[in-house]
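Just so you know, ligand 1 is whichever comes first in the structure, and atom 1 is the first atom listed for that ligand.
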Amino acid sequence: MDKILITGGTGYIGSHTAVELINAGYEVEILDNLANSKASVIDRIFEITGVRPVFHQVDLLDSSAVLKVFKEGSFSSVIHFAGLKAVAESVEKPLLYYENNVGGTLNLLKAMYETGVSRIVFSSSATVYGDIPIGGHGFTEDMPTGRGITNPYGRTKYMIEEILKDICISDPTFSATILRYFNPIGAHPSGLIGEDPNGIPNNLMPLVMRVARKEMPELSVFGNDYETPDGTCIRDYIHIVDLAKGHLAALSHAEPGVAIYNLGTGRGTSVLEMVAAFEKASGESLPYRTMPRRAGDLPIVFADVSKAFSELGFKATLSVDDAMRDTLKFLRNQ
Ligand code: NAD
Ligand code: UFG
C-alpha cells in the first residue's frame, strides 16, 4: 500500500485530504508543528475513518527531526500543506514567512532527496497569478506568474513553485504536482473537522463563523464599489471535500516532471452572495457593515478548471450552499 506523508496534515485542508486518502485505501502519516492546528484533529480523523494516522509533531525547520521521519517512513509521496498563510501577517513579518514556508520546504525537499522520495504534491495558491486582469475569463495555468503579487505570503508560493520546477529540470525522475487553490470553504459533512484557525482569522468564512457565534459583533465587508454586479469582490469558493478529492486525483496521475492545476469550481460568488447563502442556511441574519476596500484585494478571481478536468478527471461537485450547511454543522459541534 502506498504510504503518504502529509505535512500540515492537522490543518484545515490537510485534515480533509487525510480523510479522503484514508478512505481511498492509502496509508497516511501526518507531520505538523501545531502552529495553526490542534492535535485533537487526529482523533477526529480516527472518528471519521476508523484509522488513526501516525502523527509526528515536528517543525519543518528542524531538519534533523524531518530527516528522521523520512528515514523511518518509507513514503512513496509527500503532500505538502505545511506553511503559514496569513497574508497581513506576512507583510508585517516577511522573514518569518520566507523562513517558515521557503526554508521549511527546502528542509523537506532535502529529506526527500536523501531518502529517495521523488514525488510531491504542493499546495500553491491563485495568488501566484498576481494582478493579471482576467476580464470575464478564469485564470488558466499557462498564464504568467509572479508579477504583481502584493505580499510575502504570495511570493513564498511563487518561489516554492520555481524551486520545484528547477528540481524537475535537474532530476528527470522527480515529480512535482503544483495545485493552485482558489478559496476553500466548508467542512466535512460529519461536522467533525473544519476550519478552526488558532488566533484571529483572516479569511471570510472563519470570520463569518465568529460573527455567527457572536464572538464578533459584525462582519466587515471590504468594499462595495468594485466593478461587479453588487459592488463586492467575487471569488471562486470550492468546498473543502472537493478540494481534498482533487489531491487524490493529482496523486494518482502524478508523472515525472512538473504539472500544474487550478483547483476551483470555475464559478464566482460575491461577498454579499456569501452572506446571503450563510443566512439562508442558518435561518438567521448575519450582521455586516460595509468598510473601505482591503489593500491588495482583486475585484474578481476565479479559476478556469478545464485542465484539471481534462487531465485529472477532476470536477468540483459541491455548491456554496453545501459548504454553508457543512460549516454550520461544524460550528454547532464546537
Ligand atoms: P492551515 O493553517 O489550517 O494548515 C497548515 C498547517 O501547517 C497547520 O496545521 C500548521 O500548524 C502547519 N505548519 C505551519 N508551519 C509549519 C512548520 N514549519 N512545520 C510543520 N507544520 C507547520 O492552512 P490550510 O488552509 O489548511 O492551508 C494548507 C496549505 O494550503 C498552506 O500551505 C496554504 O498556504 C495553502 N493554501 C491555503 C488556502 C486557503 O484559503 N486555505 C488557499 C491557497 C493555498
Ligand atoms: N472579505 C471581507 N471581509 C472579511 C474578510 C474577507 O469582505 O472580513 C472579502 C475579501 O475582501 C475578499 C473575499 O472576502 O473579497 C475573500 O477573502 P479571503 O481573505 O477569504 O480570501 P482571498 O481571496 O483574499 O485570499 C485567498 C486565500 C489566500 C490566497 C488568495 C489568492 O486566503 O491564501 O485567495 O487569491 F492568497
More than 12 heavy atoms of other residues, nucleotides or ligands under 6.0 Å from CD of Q334: yes or no? yes

Considering residues, nucleotides and ligands other than R267, do more than 12 of their heavy atoms fall under 6.0 Å from its CZ? no

With a 4.0 Å heavy-atom cut-off (strictly under), which part of L34 contacts ligand 1: side chain, backbone, both or neither? backbone

As a check for students: among Y237, Y181, F122, identify the option with a heavy atom nearest to atom 36 (N) of ligand 1. Y181

Under 3.5 Å: N/O of F182 near N/O of ligand 1: no

Report yes or no: do S319 and D321 form a side-chain donor-acceptor pair below 3.5 Å? no

Between P184 and ligand 1, is there a nitrogen or oxygen pair with a distance under 3.5 Å? no

Examine ligand 1 and decide if any of its atoms is less than 4.0 Å from a heavy atom belonging to T127. no

Could you tell me whether some N/O pair between Y12 and ligand 1 is separated by less than 3.5 angstrom? yes

Looking at L263, V305, L243, L248, which one forms a side chain to side chain contact (heavy atoms under 4.5 Å, CB included) with F314? L263

Centroid-to-centroid, H253 to Y261, below 6.0 Å? no

Salt-bridge criterion met for E114 and K110 (N-O under 4.0 Å): no

Please say whether N36 places an N or O atom under 3.5 Å from an N or O atom belonging to ligand 1. yes

For the residue pair N262 and Y129, confirm or rule out a side-chain donor-acceptor distance under 3.5 Å. yes

Among all protein heavy atoms, pick the one closest to atom 19 (N) of ligand 1 and tell me residue, atom and distance. L60 N, 2.9 Å

What atoms of ligand 1 come within less than 4.0 Å of a heavy atom belonging to Y153? 33 (C), 34 (O), 35 (C), 36 (N), 43 (C), 44 (C)

Do the side-chain N and O atoms of Y26 and E20 include a donor-acceptor pair separated by under 3.5 angstrom? no

Location of contacts on T7 toward ligand 1, heavy atoms closer than 4.0 Å: neither

Please identify which atoms of ligand 1 are closer than 4.0 Å to at least one heavy atom of V58. 19 (N), 20 (C)

Taking the basic N atoms (NZ, or NE/NH1/NH2) and the acidic carboxylate oxygens, is any pair closer than 4.0 Å for E218 and R289? yes

Applying side-chain hydrogen bond (donor to acceptor under 3.5 Å, both in side chains), name anything that partners H16, two or more places apart in sequence or on another chain. none

Any heavy atom of N100 closer to ligand 1 than 4.0 angstrom? yes

For atom 17 (C) of ligand 1, what is the nearest protein heavy atom, given as residue, atom name and distance? N33 ND2, 3.3 Å

Evaluation steps, side-chain contact (heavy atoms from CB on, under 4.5 Å), between L251 and I79: CA-CA 9 Å; L251 206 55; I79 308 186; 4.2 Å; yes

Is any N or O atom of K85, backbone or side chain, closer than 3.5 Å to an N or O atom of ligand 1? yes

Pair up each side-chain donor or acceptor in residues 143-151 with any protein partner under 3.5 Å, not counting sequence neighbours, and list the distances.
| from | atom 1 | to | atom 2 | distance (Å) |
| --- | --- | --- | --- | --- |
| N151 | OD1 | Y153 | N | 3.2 |
| N151 | OD1 | G154 | N | 2.7 |

Got the closest protein heavy atom to atom 4 (O) of ligand 1, with its distance? G11 CA, 3.5 Å

Say whether D59, considering both its backbone and side-chain N or O atoms, lies within less than 3.5 Å of an N or O atom on ligand 1. yes

Do the charged groups of K85 and E195 touch, with an N to O distance under 4.0 Å? yes

Hey, does L31 come in under 3.5 Å of ligand 1, counting only N/O atoms on both sides? no

Do you know the tightest heavy-atom contact between F81 and S123? CD2-OG, 3.0 Å

Contact partition for S124 relative to ligand 1, non-hydrogen atoms under 4.0 Å: backbone

Salt bridge or not for K315 and D242, using N-O below 4.0 Å? no

Suppose we measure from atom 8 (C) of ligand 1 to each protein heavy atom; which comes out shortest, and what is that distance? D32 OD2, 3.5 Å

Over 12 foreign heavy atoms within 6.0 Å of NZ, K38: yes

With heavy-atom distances below 4.0 Å as the criterion, list the atoms of ligand 1 near S123. 29 (C), 30 (O), 32 (O), 35 (C)

Please report the closest heavy-atom contact between A316 and G264, naming both atoms and the distance. CB-O, 3.9 Å

Under 4.0 Å to a heavy atom of K157 - the qualifying atoms of ligand 1, by number: 31 (C), 32 (O), 33 (C), 34 (O), 35 (C)

Got the closest protein heavy atom to atom 5 (C) of ligand 1, with its distance? G83 O, 3.8 Å

So salt bridge (charged side-chain N to carboxylate O under 4.0 Å, His left out) across residues 169-190, not counting sequence neighbours, yields E161-R180

Give a table of atom pairs where an N or O of ligand 2 lies under 3.5 Å from a protein N or O.
| from | atom 1 | to | atom 2 | distance (Å) |
| --- | --- | --- | --- | --- |
| ligand 2 | 3 (N) | S220 | O | 2.6 |
| ligand 2 | 7 (O) | S220 | O | 3.4 |
| ligand 2 | 7 (O) | F222 | N | 3.0 |
| ligand 2 | 8 (O) | S220 | O | 3.4 |
| ligand 2 | 11 (O) | D297 | OD2 | 2.6 |
| ligand 2 | 17 (O) | R294 | NH2 | 3.4 |
| ligand 2 | 19 (O) | N203 | ND2 | 3.2 |
| ligand 2 | 19 (O) | R294 | NH1 | 3.4 |
| ligand 2 | 19 (O) | R294 | NH2 | 2.9 |
| ligand 2 | 20 (O) | N203 | ND2 | 3.3 |
| ligand 2 | 20 (O) | L204 | N | 2.8 |
| ligand 2 | 21 (O) | N183 | ND2 | 3.1 |
| ligand 2 | 23 (O) | N183 | ND2 | 2.9 |
| ligand 2 | 23 (O) | R235 | NE | 2.7 |
| ligand 2 | 24 (O) | R294 | NH2 | 2.9 |
| ligand 2 | 32 (O) | N203 | ND2 | 2.7 |
| ligand 2 | 33 (O) | Y153 | OH | 3.4 |

Where ligand 1 meets G8 - atom numbers and elements under 4.0 angstrom, heavy-atom basis: 6 (C), 7 (O)

When you measure from atom 29 (C) of ligand 1 to every protein heavy atom, which one gives the shortest distance, and what is it? F81 O, 3.2 Å

Could you list the atoms of ligand 1 found under 4.0 angstrom from a heavy atom of A35? 11 (O)

For atom 27 (O) of ligand 1, what is the closest protein heavy atom, and at what distance to 0.1 Å? I13 CD1, 3.7 Å

Determine whether the aromatic ring centres of H56 and F70 lie less than 6.0 Å apart. no

